[in-house]
Protein chains: 2
Amino acid sequence: MYTSNALKAELNDKGWRLTPQRETILTVFQNLPEGKHLSAEELHDLLHEQGDPISLSTIYRTVKLMSRMGILRELEFAEGHKHYEINQPYPYHHHHLICVKCNKTIEFKSDSVLKIGTKTAQKSGFHLLDCQLSIHAICPQCQRSIVPN
Amino acid sequence: MYTSNALKAELNDKGWRLTPQRETILTVFQNLPEGKHLSAEELHDLLHEQGDPISLSTIYRTVKLMSRMGILRELEFAEGHKHYEINQPYPYHHHHLICVKCNKTIEFKSDSVLKIGTKTAQKSGFHLLDCQLSIHAICPQCQRSIVPN
DNA sequence: CTCTTTGCAAAGCGTTTGCAGGCCC
DNA sequence: GGGCCTGCAAACGCTTTGCAAAGAG
């Protein structure tokens, strides 16, 4: 479990600050049910509902920052906007199977993919943040659908 | 090699048309050196230079169509715009290691990832279009960089 | 001859940014 | 106290869309 203190330490280490907003956002993602991911706007709404209004720009800045720190994963499901979820280590780390027509997504796990990702980054001297296998496909329902495109 | 005829057949099968623009765009991607990928705008410029001007909207419509047909792959390198490349089958199929700071990308191949993708789609009855492992990381140079964020 | 596709220009929309005030360390 | 961070509103830039004309089958 990644704590606020760990976040603070990591931020301060780079000359940055731990703010209430950043702490709140971290908490939200940690309490999200497994497999649930949020867009910036969904996060904005959720925070508003729970009585912690945070401006959209701060949200955008924070999720980007946390993604680059490896705390969140940025998911691109080709819907025109990004989704975010907490970046869980093994054995919670997972990947996505996505229907390009209806955007239905199914999660799945794979130790070997994670291993390959880790090894590949290492081999080139990269510092790994996240590795995700995205399978773009058409789900059974959409295969049968008559709707064009 | 995916021919114009194959494209025509596949389009007509769905009641669509093979147009000069679509044929030209397919050809461009087929002649691109391995590992090279284009954004919509880059493709637009390239076509212009080679004397085949095609409007940006047609380009957007075409790359989206071909991605959904599984002919092109849509690559998201988090630069705010998508890149496209021809979707090669085994053994040309590859994945990307991306630096989230400078966007440098390194390609790598992996039979096992492709197998896992194929199997996973199959298991859920999905029709596979593309599977890509994206490794988000920080490259050696950027790790050393003093520039914030 | 019908229905798809193109090109143009305008609209759309998620995301970024400049700036003044506020806050963390 | 200094510099980072927030919130607001405006700007941005990639992508999509409406529409009339052109073209494929």
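What you see below is based on every heavy atom in this structure, not just the backbone, and it leaves out hydrogens, waters and symmetry mates. Naming convention: chains lettered A, B, ... in sequence-line order (proteins, then strands); numbering from 1 in each chain. These numbers were taken from a predicted model, which means no experiment stands behind them.
- Across dG25(D), dT15(C), dC8(D), the shortest atom-to-atom separation from the side chain of Ser55(A) is found for dC8(D).
- With rounding to whole Å, Leu43(B) atom CG is found 15 Å from dT15(D) atom C1'.
- Minimum interatomic distance between His93(B) and Lys109(B) (heavy atoms only, all atoms of both residues): O-CG, 3.7 Å.
- Between Leu11(B) and Leu18(B) the shortest heavy-atom distance is CD1-CA, 3.8 Å.
- Atoms CD (Glu79(A)) and P (dG14(C)) sit 11 Å apart, rounded to a whole Å.
- Gln21(A) and Thr58(A) form no side-chain donor-acceptor contact under 3.5 Å, judged by distance and modelled atom types alone.
- Donor-acceptor pairing under 3.5 Å, judged by distance alone, is absent between the side chain of Arg17(A) and the base of dC23(C).
- Between Gln21(A) and the phosphate of dG7(D), there is a side-chain N or O to OP1/OP2 separation shorter than 4.0 Å.
- Remark: C1' of dG14(C) and NZ of Lys82(A) are 9 Å apart, rounded to the nearest angstrom.
- For Lys14(B) and dT4(C), the shortest distance from a side-chain N or O to OP1 or OP2 is not below 4.0 Å.
- Out of dT15(C), dG18(D), dT6(D), the shortest distance to the side chain of Ala40(A) is found at dT15(C).
- His44(A) and Glu49(A) form no side-chain donor-acceptor contact under 3.5 Å, judged by distance and modelled atom types alone.
- Rounded to whole Å, atom P of dA24(D) lies 13 Å from atom CG of Leu11(B).
- Side-chain proximity of Lys64(B) to dG18(D), dT16(D), dT15(C): nearest is dT16(D).
- A chain of hydrophobic side-chain contacts below 4.5 Å, direct or via other Ile, Leu, Val, Met, Phe, Trp or Tyr residues, connects Tyr2(B) to Leu38(B).
- The distance between atom CD of Glu23(B) and atom C1' of dG25(D), rounded to the nearest whole Å, is 15 Å.
- A donor N or O paired with an acceptor N or O is found under 3.5 Å between the base of dC8(D) and the side-chain atoms of Ser57(A).
- In this structure, Arg22(A) reaches the sugar-phosphate backbone alone: every heavy-atom distance under 4.0 Å involves primed, P, OP1 or OP2 atoms, never a base.
- Of the candidates dT15(D), dC5(D), dT6(D), dC5(D) carries the atom nearest the Trp16(A) side chain, counting heavy atoms from C-beta on.
- Taking atom CD of residue Glu42(B) and atom P of nucleotide dC14(D), one finds them 11 Å apart after rounding to whole Å.
- Checked against dG7(D), dG25(D), dT15(C), the side chain of Leu18(B) finds its nearest nucleotide in dG25(D).
- Atom-to-atom, NE2 of His44(B) to P of dG13(D) comes out at 18 Å; the value is rounded to the nearest Å.
- One finds a side-chain N or O of Thr58(A) lying less than 4.0 angstrom from the OP1 or OP2 phosphate oxygen of dG7(D).
- In the set dT6(C), dT4(C), dT15(C), dT15(C) carries the atom at the smallest distance from any side-chain atom of Tyr60(A).
- Of the side-chain N and O atoms in Asn12(B), none sit less than 4.0 angstrom from OP1 or OP2 of dA24(D).
- Side chains of Asp130(B) and Gln132(B): a donor-acceptor N/O pair is present below 3.5 angstrom, by distance only.
- Rounding to whole angstrom units, CZ of residue Phe77(A) and C1' of dG14(C) are separated by 17 Å.
- Contact check, Lys8(A) against dC25(C): a side-chain N or O comes under 4.0 Å of OP1 or OP2.
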